[in-house]
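These figures come from a predicted structure and were not determined experimentally. Letters A, B, ... mirror the listed sequences (proteins, then strands); counts begin at 1.
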Amino acid sequence: MGTEEQSTLVTQSCLYRPVAVLKGVVVMLKEAVEEWMGAVRKIDDYRWELPQNYKEGMNVPGLVFADEEMMRVIGRDQSLEQVANVATLPGIVGRSMAMPDIHWGYGFPIGGVAATRVNDGVVSPGGVGFDINCGVRLLRTELTEVEVRPKLQELVAALYTAVPSGVGVGGKLRLDAKEIDKVLLNGALWAVERGYGLHEDLELLESQGRLPGADPTKVGSKPRQRGAPQLGTLGAGNHFLEVQVVEDVYQPETAQAMGIHGYGQVLVMIHTGSRGLGHQVCEDYLKVMDGAIKRYGIHLPDRQLACAPVSSPEGQDYLAAMACGANFAWANRQCITHWVREAFTQVFQKSPHELGIRTVYDVAHNIAKIEEHVVPSPSSGQVSKRVKLCVHRKGATRAYPAGHPEIPAAYQGIGQPVLIPGDMGRYSFIAVGTEQAMAETFGSTCHGAGRMQSRAAAMRSLKGTDIRGRLEARGIAVQAGSYRGLLEEASEAYKDVAHVVDITEKAGISLKVVKVRPLGVIKG
DNA sequence: ATGTAC
C-alpha cells in the first residue's frame, strides 16, 4: 500500500468528517423536531398541548404558545421535555406553560410559567432561575432622535462611564452589612431614600420595587459578600442599557397613557437583575432543596427541579431569601436609573425634569410570587374558585389586565405595561397585559427574544465577525466591555422577538403597544 | 445569568 494513497485517505477523511458530523446533527435535529410534532396536539393556530400522558408522573398537561414555525424551533432543544418535567411537580395547577420564547434552562425551561398551590404544592429555585428578578426598567424622555443623534457618541460614552458593567465588576457604592440588610428589606425604596431617584418612580414599579416577606436573616454571608460591591451595576451576558427610539405605535391612546407620544421619541431601557447576590442565593437554596426532597419524599424526573413544599420551613426560607434577591435587583435598577438621569443631564446640559426623564414601568421576568387566581376546583367539576398560588415565572413576564388592583393608578385603564427586550441591535416591544392572560396563564406572557443558539455555538459560528462594525453601519453606537460578549449576544443567536410578540398577541395574552429600535447600546 | 470550575 503506497503512502500516497494513505495520505489521500487521511486528507479526505479530514475534509469530509466535519461535513458528515454536521449532516448527522441536522438529521438528528430534524428527527427530534418530528418526534415533538408527533407528541404535541394542536389546539389552535397558536396553542399546542403536551398531553398529560406524555410522561409518567405528569399532574397536568403542558401548554405551548407557538405557531407551527416556532414549534419547529422549540422542538430542537430539550425545553419541551422540561415542560413535561415541570408538570410532575407536586401541587401544580392548570398547565405547565411555555411561552414562544422558551428554550432550555436549569431544570425548568426559560420562558416557562408554573403555578403551584400554596397549601400542598412546592416552590423551586429552578423555577425562578439564577438571576432572581432579572427584569426590565423603561424610562421615557421628551427628547427626539433628531436632538439626540448629534450627541449620541458622547451620550453612550457618558452612560458607559456612569453605569459600571462587566462580569464580576463592582460599582460606586460600598455597603456595610447593616446597609445591605436595608437594601434587601426595602428594595427600590432604599435607593430613593438615599437620593438615587425620585419617589414618583416607586409607584411605577412592579410590586413598588419592594417584595414583601423579605427576610435578610435567610440570606447567608456569601451572597452579601458577592452582592455588596455590585449594587448599581449592569453585569454581563444579555444584560444591557439601551438608548432607544420609538419606531412604531400600534395603540396610540395606550402609548399616550404611558407618556409615549409617537415616532421619534427617545426612551431608555435597562435590562439587569440581582447580579452575584441573586446567583448565590439560588445556589445556596438549591443545596437546601436537595435535602428537602429527601426529607419530604418528593420524587422528581430531574434533580435540577429540587424543591420544597411552599408551606415548609425550607420553602418559606427560600421565598424570604428570594424576596431579598428581588429587592436587591429593584434597588439595582433604581440606582442605574439615577445615574442614567445624571448622564443625560451632563450631556444635554439640562435638568432631568427639563429632559422629562420619567419611569414608564419596571417588570421582573425571573420571580416566584404568591398570588390569588381563579382556577377550576377539581372536586366540584366546573365550579371555579379563588386559590392562593405560588406563580413561578422564569423568563416570563407578569401581564395583568386593566383594572387589576396590583397595577399603578396611571395604568388602571390600559393594563400593566409589559416590557419585552429583543436581541442586541434589532428592536424591542412594549405591550400590555390582558384578561385572557389572567384567565389562561396566571397573568403572564413572554419575556424577550429567547436564545436559539448556545453561547458556545454562537462563538463558533460567528468568530471573527465584526459585530460592532455591523451595528455601527446601521447607525447604532456601541460601547461594550468584551468582544466575546458581543459575539454571544449577536442577533443570529436569538429568535426574532417580533415573531414572539406576534404569537402572544394572536393568542391574546399580551397586546403590542409600541415598537422601539436601538440608537445606542451599552454592554458588559 | 455567574468571582464563565473549588
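- Using a 4.0 Å heavy-atom criterion, one finds that A:Lys222 contacts the bases of the nucleic acid, with or without backbone contacts as well.
- Residue A:Phe130 is the one, among A:Phe130 and A:Arg484, whose nearest nucleotide of DNA chain B lies closer to the 5' end (criterion: closest heavy atom).
- Counting only residues at least two apart or on different chains, the side-chain hydrogen bond (donor to acceptor under 3.5 Å, both in side chains) pairs with a member in residues 462-471 of chain A are A:Arg468-A:Glu472, A:Arg470-A:Glu492.
- Going from atom OH of A:Tyr285 over to atom P of B:dT2 covers 21 Å, rounded to whole Å.
- We find that CZ of A:Arg451 is positioned 17 Å from P of B:dT4, with the value rounded to whole Å.
- Taking atom NZ of residue A:Lys287 and atom P of nucleotide B:dC6, one finds them 9 Å apart after rounding to whole Å.
- Within 4.0 Å (heavy atoms only), A:Gln230 reaches sugar-phosphate atoms of the nucleic acid but no base atom.
- Here the side chains of A:Phe344 and A:Thr141 are in contact, with some heavy-atom distance below 4.5 Å.
- A:Met459 places its CE atom 11 Å from the C1' atom of B:dT4, with the value rounded to the nearest Å.
- In this entry the distance linking CG of A:Leu234 with C1' of B:dT2 reads 14 Å, nearest Å.
- A side-chain hydrogen bond (donor to acceptor under 3.5 Å, both in side chains) with A:Arg333 holds for exactly one of A:Asp201, A:Asp362, A:Thr359; it is A:Asp362.
- Within the structure, a side-chain polar atom (N or O) of A:Arg275 is placed less than 4.0 Å from OP1 or OP2 of B:dT2.
- With rounding to whole Å, A:Glu489 atom CD is found 11 Å from B:dT2 atom P.
- Nucleotide B:dT2 holds its P atom 17 Å from the OH atom of A:Tyr106, rounded to whole Å.
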Name the atoms and distances for all side-chain donor-acceptor pairs under 3.5 Å in residues 158-171 of chain A, with sequence neighbours left out.
unit_1   : atom_1 : unit_2   : atom_2 : d
A:Thr161 : OG1    : A:Ala157 : O      : 2.9

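- The separation between A:Leu486 atom CG and B:dT4 atom C1' is 17 Å, rounded to whole Å.
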